[in-house]
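To start, the structure itself, in structure tokens.
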Amino acid sequence: MRTLIKHLLATAEPRDNVLVQGWIRTRRDSKGFSFLEINDGSCLAGIQVVADAAIPGYADIHKLATGASLEVEGRLAASPGGKQKWEVQAARLTLLGEAGPDYPLQKKGHTLEFLRSIAHLRPRSNLFGAVFRVRSRLAYAVHEFFQSRDFIHVHTPIITGSDCEGAGEMFRVTTLKPGAAAHPAADFFGKPTYLTVSGQLEGEAFACALSNIYTFGPTFRAENSNTARHAAEFWMIEPEMAFCDLQGDMDLAEEFIKAMARHALEHCAEDLAFFSRFVDPGVEERLRFVVERPFVRVAYAEAIKILQQAGKRFEFPVDDGQNLQSEHERFLTEEHFKSPTTVFNYPRQIKPFYMRLNDDGRTVTAMDVLVPGIGEVIGGAQREERLDQLLDNMKSHQLDPDDYRWYTDLRRHGTVPHAGFGLGFERLIMFLTGVSNIRDVIPFARTPGNAEF
RNA sequence: UCCAGAGUAGCUCAAUGGUAGAGCACGCGGCUGUUAACCGUGUGGUUGUAGGUUCGAGCCCUACCUCUGGAGCCA
């Protein structure tokens with residue numbers, strides 16, 4: 001029976017009759033025998049195979065090149081070589097699939113840019129194997145975090161009929177033939193439909209029934225954003241809590257980030273060490289810092305004062321009443337506080353209609369969590385639970401309440417204070433791995449002009 | 001979408017306006033408990049595309065395409 005390499009490497013005693021299946025990373029020939037390094041993706045490290053020229057299957061040795069797949073039967077034994085504890089002394093080699101001389105992954109460093117052009121093969125590289133193992137582990141950690149706190153997972157719809165959630169351009173979903181006259185009534189759903197940009201509004205409906213809920217699913221934005229932090233398709237995590245205010249929301253956001261960092265340190269040590277060595281030297285230290293230290297919390301008005309008194313020339317002036325620019329956010333989290341920072345109570349005019357108006361009449365209960373190196377990783381708010389105020393907010397945002405009938409209904413029937421936030425899963429992975437481009441933390445990235453694979 | 005930079009061998013990169021090269025990969029030969037093995041040798045090019053300037057363009061000019069970094073929008 002096959003044993004994954006991660007389990008072979010963790011074995012305590014030598015073992016006869018092991019079966020390894022994987023892909024060849026490199027081969028080194030000697031005069032009567034060869035060394036093969038095999039990787040199966042179960043962990044960063046591969047295992048060394050020693051193959052004597054006399055064993056069955058060795059006749060294919062010239063075909064056992066980098067990238068080829070094979071099966072090795074043999075004995076797990078202590079390795080006399082200095083760089084590994086175990087090796088497999090092969091009794092039989094079976095070539096499964098050749099990789100020709102045009103196999104693009106060499107046993108040397110490649111640029112990330114080149115690896116993106118072979119997105120179907122890059123998971124076989126050290127870096128992308130590590131990234132996607134961490135991504136998987138963290139997806140598990142997300143569910144563990146919320147489930148252990150009695151949050152209920154809700155699958156909000158991917159196709160949505162509301163075209164005005166206020167979160168950016170949307171992809172149209174239609175079965176109408178291209179060029180057909182625009183008759184929404186003749187379309188599949190009898191009205192215009194889109195890919196969701198957020199499950200928040202639906203999440204609120206479920207929070208106002210099940211108390212604490214979360215969503216974790218794909219999200220789509222048709223914005224022509226061409227940056228290292230934006231993708232047209234990405235995964236978002238959106239908790240929503242009934243009977244919760246802004247304080248509770250900020251507490252949960254902070255606990256969540258800390259829990260993810262702690263989980264990565266505890267369960268992805270080998271891969272994190274790899275990131276520290278080849279991607280971002282400070283990543284492990286940064287995660288420990290995030291776990292140990294409380295986040296800074298600062299009101300928007302105070303943040304503006306800090307920026308104005310920083311004595312620093314920004315490209316964009318600090319303007320009270322306007323949104324913070326990327327350079328302002330980075331200054332706060334990277335230079336001034338040198339810590340993850342939560343900014344709250346933003347001016348109402350720069351935030352969406354659903355955020356709760358504070359008693360000052362000028363600010364809303366919004367909060368953004370900023371982290372060094374990434375900037376905004378979480379955006380959230382206590383929601384407006386008062387029907388009259390919500391309708392007033394819609395009016396000032398020039399929205400038609402008729403388009404939000406079911407949403408305002410939540411305030412007509414047993415309304416409660418509630419709050420939540422949204423977090424881009426890819427940005428979290430970037431923060432935890434140090435990988436600086438969102439295209440490199442999602443298996444097959446969709447960005448403007450690029451839907452290959 | 002805006003600003004800046006870059007496109008030369010499969011990959012990473014060289015090349016005063018004057019005969020396009022190296023390392024790695026790949027082929028062949030050798031050698032060794034090797035480990036991004038090593039030594040020798042060989043194959044490999046419409047210099048992103050289309051125009052232009054020039055006796056002569058990888059290099060200078062124009063347009064376009066693609067990518068990268070930054071910005072906007074945001075998660």
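Residue numbering restarts at 1 for every chain, and letters A, B, ... go by the order of the sequence lines.
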Compile the donor-acceptor pairs under 3.5 Å between side chains in residues 248-261 of chain A and protein atoms, sequence neighbours left out, one pair per line.
| from | atom 1 | to | atom 2 | distance (Å) |
| --- | --- | --- | --- | --- |
| A/Asp249 | OD1 | A/Gly420 | N | 3.4 |
| A/Asp249 | OD2 | A/Ala381 | N | 3.3 |
| A/Asp251 | OD1 | A/Arg297 | NH1 | 3.0 |
| A/Asp251 | OD1 | A/Arg297 | NH2 | 2.8 |
| A/Glu254 | OE1 | A/Arg297 | NH2 | 3.2 |
| A/Glu254 | OE2 | A/Phe295 | N | 3.0 |
| A/Glu255 | OE1 | A/Arg149 | NE | 3.3 |
| A/Glu255 | OE1 | A/Arg149 | NH2 | 3.2 |
| A/Lys258 | NZ | A/Val290 | O | 2.8 |
| A/Lys258 | NZ | A/Arg293 | O | 2.3 |

Which part of the nucleic acid, if any, lies within contact of A/Phe316, taking any heavy atom under 4.0 Å across all strands shown: a base, the sugar-phosphate backbone alone, or nothing?
sugar-phosphate

Looking at B/A25, I'd like to know if its phosphate oxygens (OP1 or OP2) sit under 4.0 Å from a side-chain N or O belonging to A/Thr66.
no

Listed pairs, N/O of protein and of nucleotides 37-44 of chain B, under 3.5 Å:
| from | atom 1 | to | atom 2 | distance (Å) |
| --- | --- | --- | --- | --- |
| B/A37 | OP1 | A/Thr26 | OG1 | 3.2 |
| B/A37 | OP1 | A/Lys107 | NZ | 3.0 |
| B/A37 | OP2 | A/Thr26 | OG1 | 3.2 |
| B/A37 | OP2 | A/Arg28 | NH1 | 2.9 |

Separation of atom CD in A/Glu327 from atom C1' in B/G70, rounded to whole Å
11 Å

Assess the pair A/Phe425 and A/Phe216: is the distance between their ring centroids shorter than 6.0 Å?
yes

I'd like to know if A/Ser225 reaches the base of B/C74 with its side chain such that a donor and an acceptor end up less than 3.5 angstrom apart.
no

Please confirm whether A/Tyr58 and A/Phe33 have ring centers closer than 6.0 angstrom.
no

What pattern of brackets, bars and dots sums up RNA chain B from 5' to 3', given Watson-Crick or G-U wobble pairs under 3.5 Å, [ ] for crossing pairs and | for another strand?
(((((((..((((....[..)))).(((((.......))))).....(((((..]....))))))))))))....

Which residues pass the side-chain hydrogen bond (donor to acceptor under 3.5 Å, both in side chains) test with A/Tyr214, sequence neighbours left out?
A/His143, A/Gln147

Contacts of A/Val377 and A/Arg439 projected onto RNA chain B by closest heavy atom; the upstream (5') one is A/Arg439

Considering only the P atoms, how many Å lie between B/U66 and B/A14, rounded to the nearest integer?
24 Å

Has the side chain of A/Glu223 got a donor or acceptor atom sitting under 3.5 Å from an opposite partner on the base of B/U1?
no

Which pairs would a plain distance check flag for residues 442-453 of chain A, meaning a side-chain donor or acceptor within less than 3.5 Å of a matching protein atom at least two apart in sequence or in another chain?
| from | atom 1 | to | atom 2 | distance (Å) |
| --- | --- | --- | --- | --- |
| A/Arg446 | NH1 | A/Glu452 | O | 3.3 |
| A/Arg446 | NH2 | A/Phe453 | O | 3.1 |
| A/Asn450 | OD1 | A/Glu452 | N | 3.3 |

Which part of the nucleic acid does A/Ala231 contact within heavy-atom distance under 4.0 Å: base, sugar-phosphate only, or nothing?
base

Note: for A/Gly449 and A/Glu329 on RNA chain B, the residue whose nearest nucleotide lies more 5' is A/Gly449

Would you please classify the geometry between the A/Tyr407 ring and the A/Tyr404 ring as parallel, tilted or perpendicular, with 30° and 60° separating the classes?
perpendicular

Can you tabulate the close N/O pairs, meaning under 3.5 Å, that link protein atoms to atoms of nucleotides 10-15 of chain B?
| from | atom 1 | to | atom 2 | distance (Å) |
| --- | --- | --- | --- | --- |
| B/G10 | N2 | A/Gln106 | OE1 | 3.3 |
| B/G10 | N2 | A/Gln106 | NE2 | 2.3 |
| B/G10 | N3 | A/Gln106 | NE2 | 3.4 |
| B/C11 | O2' | A/His110 | ND1 | 3.3 |
| B/C11 | O2 | A/Lys108 | NZ | 2.9 |
| B/U12 | OP1 | A/Thr111 | OG1 | 2.8 |

Side chain A/Glu315 and base B/G72 donor-acceptor under 3.5 Å
no

P gap between B/C3 and B/C38, integer Å
47 Å

Would you indicate which nucleotide in B/G70, B/G33, B/A71 comes nearest to any side-chain atom of A/Glu87?
B/G33

Does A/Asn450 place a side-chain N or O at less than 4.0 Å from the phosphate oxygens OP1/OP2 of B/U66?
no

Between A/Glu315 and A/Glu327, is a side-chain contact (heavy atoms from CB on, under 4.5 Å) present by the stated rule, with each step listed?
CA-CA 8 Å; A/Glu315 186 186 345; A/Glu327 57 174 341; 3.6 Å; yes

Phosphate oxygens OP1/OP2 of B/C31: is one of them under 4.0 Å from a side-chain N or O of A/Lys31?
yes

